[in-house]
Amino acid sequence: MTAKEIIQHMESLQNDEQRQILMRFFKTGPGEYGEGDEFLGLKVPQTREVVKAIPRDFPLDQVPELLMNRWHEVRLCGLLVLVSKFEKLATKRLENDQSAIEARDQILSMYLQYAEWANNWDLVDLSVHKILGHWLLLPSNLGDRDYKMSLLDELAASPCLWKQRMSMVCSWKTSQMGDPSWCLRYAEIHLHHPHDLMHKAVGWMLREMGKRVSTDLLRDFLRQHAHEMPRTTLRYAIEKLSDSERQYWMSIS
């Protein structure tokens, strides 16, 4: 199976009615955040079925042809192929295996090389925590924790909204694995971001950190920042707290 064959198959599944729905949902009109994005009209489960049918030995060097494709769903397919390959190399058994480490680093490098092609929130959210987020807490030959943090700092400082979102949403995985530091660092960095998509991402990741690691850490963050947080961020962050506590935090924002 080649990338061209995958693309041809996905194009054969095109659904014009669903395509119009997706173009509206993902804000592809002039001046909107997804301006110009093109859709085939495939639902995510359909794309996942395509990925499942791709052989495990599908060459990594074929993936960029998917990642740079004009169709949104084909790019998602490429990202999910990277996710699948990475997860197979990130099991407990292979965590410290040198060949697995090298292969994970290669996948991570490819993911970042083509990061700008993950140019909508779903493309980021369905992939970044499972590749970049997991990689942050695994052995790597590319560098230590300081190197990893500098890499995320570059993403956070990028003019590209989607790279900025990557630096935040990757912490979904680090929080799941019990490390709140990544979430707290990038939530603070992005706290005053001007875009609503980042307000939602920051609040969402804070909520996940509170749920997965410590509600007290979430409360500590809120005590420091609730008065200056965008209301959308705050609402997302406190969503799992009690009614009375949510009312309290909203009253001081």
Side-chain angles (χ1 to χ4, degrees), residues 1-14 36-40 42 44-144 147-148 150-152 154-155 158 160-167 169-170 173:
M1 183 179 290
T2 65
K4 283 185 173 59
E5 289 171 331
I6 294 169
I7 294 165
Q8 288 170 358
H9 172 62
M10 295 185 74
E11 288 176 338
S12 74
L13 302 174
Q14 185 167 342
D37 203 354
E38 296 185 82
F39 287 79
L40 289 167
L42 276 62
V44 172
Q46 289 178 279
T47 302
R48 290 193 183 280
E49 285 301 314
V50 172
V51 174
K52 283 182 186 177
I54 295 173
R56 291 185 62 164
D57 60 354
F58 182 72
L60 190 63
D61 63 9
Q62 287 275 306
V63 177
E65 190 170 346
L66 303 175
L67 297 177
M68 294 188 293
N69 191 263
R70 61 181 285 203
W71 300 115
H72 184 105
E73 295 92 338
V74 174
R75 297 198 302 280
L76 175 58
C77 178
L79 292 166
L80 294 179
V81 169
L82 291 184
V83 167
S84 177
K85 286 181 175 293
F86 190 93
E87 289 185 328
K88 288 179 174 67
L89 295 161
T91 61
K92 277 289 181 188
R93 184 176 64 84
L94 294 175
E95 201 169 279
N96 295 293
D97 180 86
Q98 190 56 44
S99 62
I101 292 171
E102 292 172 4
R104 291 196 304 261
D105 285 347
Q106 188 178 5
I107 292 167
L108 182 279
S109 296
M110 178 176 287
Y111 183 77
L112 295 178
Q113 181 180 352
Y114 296 96
E116 289 188 22
W117 289 88
N119 59 344
N120 216 311
W121 57 265
D122 64 315
L123 301 178
V124 172
D125 297 357
L126 290 169
S127 61
V128 70
H129 61 298
K130 294 183 176 181
I131 299 176
L132 176 56
H134 202 169
W135 175 82
L136 291 173
L137 299 184
L138 290 170
S140 169
N141 294 333
L142 298 177
D144 58 11
Y147 168 81
K148 293 175 179 182
S150 69
L151 188 152
L152 255 65
E154 285 183 26
L155 291 175
S158 167
C160 174
L161 173 64
W162 311 115
K163 289 185 176 182
Q164 294 166 7
R165 190 172 174 98
M166 285 179 175
S167 72
V169 177
C170 71
K173 186 67 172 183

* Structure fact -> Distance col, row Arg70:CZ vs Arg75:CZ, nearest 0.5 angstrom, shows 10.5 Å

* Asked: Do Trp71 and Leu76 pass the side-chain contact (heavy atoms from CB on, under 4.5 Å) test, and can you show the C-alpha distance, the side-chain angles, and the key distance before you say yes or no?
  -> CA-CA 9 Å; Trp71 300 115; Leu76 175 58; over 6 Å; no

* **Heavy-atom check, side chain of Ile6 versus side chain of Val81, under 4.5 Å** => no

* Any donor-acceptor N or O pair under 3.5 Å, side chains Trp117, Asn69 -> no

* Rounded distance [0.5 Å steps], CG in Leu123 versus CZ in Arg165 -> 11.0 Å

* To do: Kindly compute the distance separating NE2 (His9) from CE (Met1), expressed to the nearest 0.5 Å.
  => 8.0 Å

* Is a side-chain donor-acceptor pair under 3.5 Å present for Ser84 with Lys88? -> yes

* Gap separating the CG atom of Leu108 from the CD1 atom of Ile101, nearest 0.5 angstrom -> 13.0 Å

* Any side-chain heavy-atom pair from Lys130 and Leu82 closer than 4.5 angstrom? -> no

* To do: For the pair Leu112 and Leu151, evaluate side-chain contact (heavy atoms from CB on, under 4.5 Å) and give the outcome as yes or no after the intermediate values.
  => CA-CA 10 Å; Leu112 295 178; Leu151 188 152; 3.5 Å; yes

* **Nearest atoms (heavy-atom pairs only) where Gly143 meets Lys148** => O-CE, 3.9 Å

* To do: Taking atom CD of Glu116 as the centre, report whether more than 12 heavy atoms of other residues, nucleotides or ligands fall under 6.0 Å from it.
  => no

* Asked: Trp162 and Ala118: which non-hydrogen atoms are nearest, and at how many Å?
  -> CB-O, 3.4 Å

* Looking only at non-hydrogen atoms, find the nearest pair between Leu40 and Gln14 and report the distance. => O-CG, 3.1 Å

* Can you name the closest pair of heavy atoms from Phe86 and Ile107 and give their distance? -> N-CD1, 3.8 Å

* Flag if over 12 foreign heavy atoms under 6.0 Å of CD, Gln46 -> yes

* Would you call Arg48 and Leu126 a side-chain contact if the rule is heavy atoms closer than 4.5 Å? -> yes

* Asked: If you round to the nearest 0.5 Å, how far is SG of Cys170 from CG of Leu136?
  -> 5.0 Å

* Kindly assign one of parallel, tilted or perpendicular to the pair Tyr147 and Trp135, based on the angle between their ring planes and the thresholds 30° and 60°. => perpendicular

* Asked: Is there a side-chain contact (heavy atoms from CB on, under 4.5 Å) between Val83 and Leu79 once you walk through the steps?
  -> CA-CA 6 Å; Val83 167; Leu79 292 166; 5.6 Å; no

* **For the student: nearest non-hydrogen atoms of Leu67 and Gly78, plus distance** => CD2-C, 3.5 Å

* Glu95 and Pro139, any side-chain heavy atoms less than 4.5 Å apart -> yes

* To do: Kindly indicate, with the supporting measurements, whether the criterion side-chain contact (heavy atoms from CB on, under 4.5 Å) is fulfilled by Glu73 and Val50.
  => CA-CA 10 Å; Glu73 295 92 338; Val50 172; over 6 Å; no

* Heavy-atom closest pair, residues Leu89 and Ala103 -> CD1-CB, 3.5 Å

Table please: side-chain donor-acceptor pairs of residues 53-66 below 3.5 Å, with sequence neighbours left out.
from	atom 1	to	atom 2	distance (Å)
Gln62	OE1	Ala3	N	2.8
Glu65	OE2	Lys4	NZ	3.2

* To do: Look up atom OG in Ser99 and atom CG in Leu94, then write down how far apart they are to the nearest 0.5 Å.
  => 7.0 Å

* Identify, with sequence neighbours excluded, every residue that meets ring-ring contact (aromatic ring centres under 6.0 Å, His included) alongside His129. => Trp172

